[in-house]
Every structure is written in C-alpha cells, then in structure tokens.
Amino acid sequence: MNNDIRHDGARRVGQVKEVTSLANPIVKDIKALSQKKTRDETRSFIAEGLKLVIDALDLGWTIKTLVYSKAAKGKPVVEKTAARTIAAGGLVLEVSEKVMSAITRRDNPQMVAGVFEQRWMPLKTVSPVSGQTWIALDRVRDPGNLGTIIRTADASGASGIILVGDCTDPFSMETVRATMGSVFAVPVVKATVGEFLAWKRAAGVNIVATHLAGAVDYRTIDYRSRPVVLLMGNEQSGLPDELASAADSLARIPQSGMADSLNLAVATGVMLFEARRHLLSLGDHA
C-alpha cells in the first residue's frame, strides 16, 4: 500500500502514498471523519495545519495519517514531520489540492493535515488540587464556543474541561479549528449529570456557577482556598436547577447596556481570568 517516493532526486523520504483521486478508499475514510458517527466509531479526528500537527506530535498524541498537498513537497519541516509519522507507524499521503480541499472541506485548504486518535480523560482520574481551575460545561452546543473555551482554558492555565450531558463534539473539525491547537494541550472529560454530581461530592472542589439569578458578584468570590470548578450553562437555557443547586456559589457578571446576556465563550473567559487572577502574572508567558 505504501510506496517509496523520491524527493529532490536522490533523497528518499520513506513510505509515502501519492493520491490524486477522490475515489481513493483512504481519502473516503478521512473525509468521513467530518461525521460524528465515524469519529466515534474510529476514535479519530482531523487537525489542520503544520503547526498543529507538530504540536500534537510533540505532546505525544498518536498520529494515524499525515496528509500534505503537493505544494508542501520538499519542505524540510514537512519531510521531518512525515518521517516522524512513519516512525510512529502512521501513513503519509501526498495529495492533490483537490483532495486536500475535499478532506478539509475548504476552498483554500492548509497544506498539511493529520488524522489523530482521540484522547479522553476519565472523570475518576480527575483529582483537582490547590491552584487548579477546571471548567464544567452543561450541554454546550456550539462548536465555535467550545473551541474558543478550550483555547481560553489553555491560555489561562486551566487544568481541563468537563463536558456535562449532551455536548457538542470537541473533536469536530469546527471545534478543533476554533481551539487553534489547544485541543492537544487541554484534557477533556465527559460525564453525565449524575456522574458529575457524584464526583463533585467526593472531589472537595469549590463549584462556582454563573446564573442569571446569581446572588454574588463574580469578583467577590473566594477562588483561592479550594480548587475551583467553573460551571457554565447551556447557551440557550442556562443551568438547570439540578446543577445550579449543587454549586457552592451562584455568580453573576455585572452588565450594563441593552444586551441581556454574554456569549458563553466570552462569559467563560471573563470567569476564568478572574478565578485565576491571583495565579497569573505577565512573567508567565514571555
């Protein structure tokens, strides 16, 4: 199945399969990863962009297939990434731009994409310690919101995301794009409402939930004494009573103006940076 292709005349890169047909079965399999059913069955997903692929490899994620377009052929960093993929037991495809567009569902696709194994952290292994901040999202539905929250969690130094109930897929193409690579750096957990509430009782965490009926200004809450879980509600309906009643504090972000609510990702960002204010300084990120 794999062929040796010579680059720059004599230099041999390794096992690379050249593909130009959209009917190729491997291409069809990769294209099918746009569907959640296929991602779930194969426990795989697509990440676009050379930087994302390199970051994922550096963080120890398992690559199944590296895809690069002919325009990337011969670039040393692409060839090095191809060699790393082959060494890890992955497949390397050199494809036409037409195939790359079909795989990424973009008219102007990135020159490199990777198919990776999904990685989920089991809830039972999450044992927050002092100084840690986790985000629990109730039925988050918008891939852009989830991706932005994962990226913001990474930027703020949060420890991970707990997806509660029926949430959008963190490994969808839209979510992965919105994370800008942070999907590889931030652990993601999924849990039912019952599992989350049982975990909360045992974990010794301070659950701070945003709620329109919140009695407390979010800036007045003690975020220091215990590890914090920020509990954020669904975009349309907010937190159900079952979750809100389990919170240690119900917080509100003061607002003025005509808008009656904040976007979920923005609200989560505001909460995150307040919860971690005492832990962050400009020296943390040169």
Side-chain angles (χ1 to χ4, degrees), residues 30-40 44-53 55-56 61 100-110 112-116 118-121 133-191 209-212 229-239 243 253 255 257 259-276:
I30 297 172
K31 279 179 64 184
L33 292 174
S34 63
Q35 300 161 14
K36 185 176 188 302
K37 180 172 179 284
T38 307
R39 290 195 299 274
D40 289 348
S44 306
F45 69 104
I46 298 173
E48 302 160 74
L50 181 60
K51 181 186 182 300
L52 264 67
V53 170
D55 286 350
W61 285 65
M100 187 61 97
S101 290
I103 285 170
T104 61
R105 303 169 78 190
R106 283 183 189 258
D107 290 335
N108 297 300
Q110 299 259 12
V112 177
V115 176
F116 289 90
Q118 295 183 15
R119 189 186 285 182
W120 296 89
M121 186 175 186
T133 314
W134 284 76
I135 303 137
L137 300 173
D138 165 53
R139 295 166 297 141
V140 57
R141 292 290 163 83
D142 183 85
N145 276 343
L146 179 54
T148 301
I149 290 167
I150 291 171
R151 182 182 178 187
T152 308
D154 186 12
S156 68
S159 296
I161 310 274
I162 302 170
L163 300 177
V164 182
D166 182 21
C167 292
T168 193
D169 185 1
F171 297 113
S172 74
M173 217 178 289
E174 296 81 4
T175 306
V176 171
R177 277 177 189 153
T179 72
M180 300 290 285
S182 292
V183 69
F184 296 114
V186 177
V188 179
V189 178
K190 55 183 169 184
T210 54
H211 201 280
L212 287 175
V229 177
L230 297 175
L231 177 56
M232 310 295 294
N234 165 271
E235 290 98 336
Q236 275 76 43
S237 56
L239 278 178
L243 285 172
I253 300 169
Q255 294 171 222
D260 59 1
S261 64
L262 286 172
N263 165 273
L264 174 63
V266 172
T268 305
V270 169
M271 293 295 297
L272 257 179
F273 278 92
E274 181 63 28
R276 297 190 59 74

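For M121, the CE atom is densely surrounded, since the number of other residues' heavy atoms within 6.0 Å is greater than 12. Within 6.0 Å of atom CZ in R141, more than 12 heavy atoms from other residues, nucleotides or ligands are found, so the atom counts as buried in its surroundings.
Here the side chain of S156 pairs no donor or acceptor atom with the backbone of F273 at under 3.5 angstrom. Panel note: side chain R139, backbone G238; a donor-acceptor pair is recorded below 3.5 Å. The closest donor-acceptor contact from the side chain of R39 to the backbone of S34 lies under 3.5 Å. Checking side-chain atoms of T152 against main-chain N and O of G269 turns up no donor-acceptor pair under 3.5 Å. Between the side chain of W61 and the backbone N or O of F116, no donor-acceptor pair lies under 3.5 Å.
Defined by atom type and a distance below 3.5 Å, a donor-acceptor pair is present between the side-chain atoms of R276 and T133.
Of all non-hydrogen atoms in A209 and L239, the two that sit nearest each other are CB-CD1, 3.5 Å. Counting all heavy atoms, side chain and backbone alike, A47 lies closest to L52 at CB-CD2, 4.4 Å. Across all their heavy atoms, V189 and W134 have their closest contact at CG2-CZ3, 4.1 Å. Taking both residues in full, the closest heavy atoms of V115 and S44 are given as CG1-CB, 4.0 Å, listed atom of the first, atom of the second, then distance. The two residues T168 and P143 have their closest heavy-atom pair at OG1-CG, 3.8 Å. A136 and V164 make their closest contact through CB-CG2, 4.3 Å (heavy atoms, listed as atom of the first residue, atom of the second, distance).
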Is there a side chain to side chain contact (heavy atoms under 4.5 Å, CB included) between T175 and V183 once you walk through the steps?
-> CA-CA 9 Å; T175 306; V183 69; over 6 Å; no
Evaluate side chain to side chain contact (heavy atoms under 4.5 Å, CB included) for L264 paired with D142, printing each intermediate quantity in order.
-> CA-CA 9 Å; L264 174 63; D142 183 85; over 6 Å; no
Report the C-alpha separation of N145 and N263 in whole Å, then their side-chain angles, then the decisive distance to 0.1 Å, and conclude whether the side chain to side chain contact (heavy atoms under 4.5 Å, CB included) test is met.
-> CA-CA 8 Å; N145 276 343; N263 165 273; 3.0 Å; yes
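The distance from atom CG of D154 to atom CD1 of I149, rounded to the nearest 0.5 Å, is 13.5 Å. Distance check: L137 CG to K190 NZ gives 15.0 Å after rounding to the nearest 0.5 Å. Interatomic distance, CZ of R105 versus CE of M100, reported as 15.5 Å (0.5 Å rounding). Distance check: I46 CD1 to K31 NZ gives 10.5 Å after rounding to the nearest 0.5 Å. I103 contributes atom CD1, which lies 4.5 Å from atom CD1 of I30 (distance to the nearest 0.5 angstrom). Here the CG atom belonging to N234 is positioned 10.0 Å from the CG atom belonging to D166, to the nearest 0.5 angstrom.
Residues P170 and I161 have side chains not in contact (no heavy-atom distance under 4.5 Å, counting atoms from C-beta outward). Looking at Q110 and T104, their side chains never come closer than 4.5 Å, going by heavy atoms from C-beta outward. A heavy-atom distance below 4.5 Å is found between the side chains of L243 and L231. By the 4.5 Å heavy-atom criterion applied to side chains, L163 and V140 are counted as neighbours.
Checking L262, L230, V266 one by one against M271, the side chain to side chain contact (heavy atoms under 4.5 Å, CB included) holds for a single residue, L230.
The aromatic rings of F45 and F171 are tilted relative to each other, their planes meeting at an angle between 30° and 60°.
Scored by the salt bridge (charged side-chain N to carboxylate O under 4.0 Å, His left out) test, D55 finds K51 as partners (sequence neighbours excluded).
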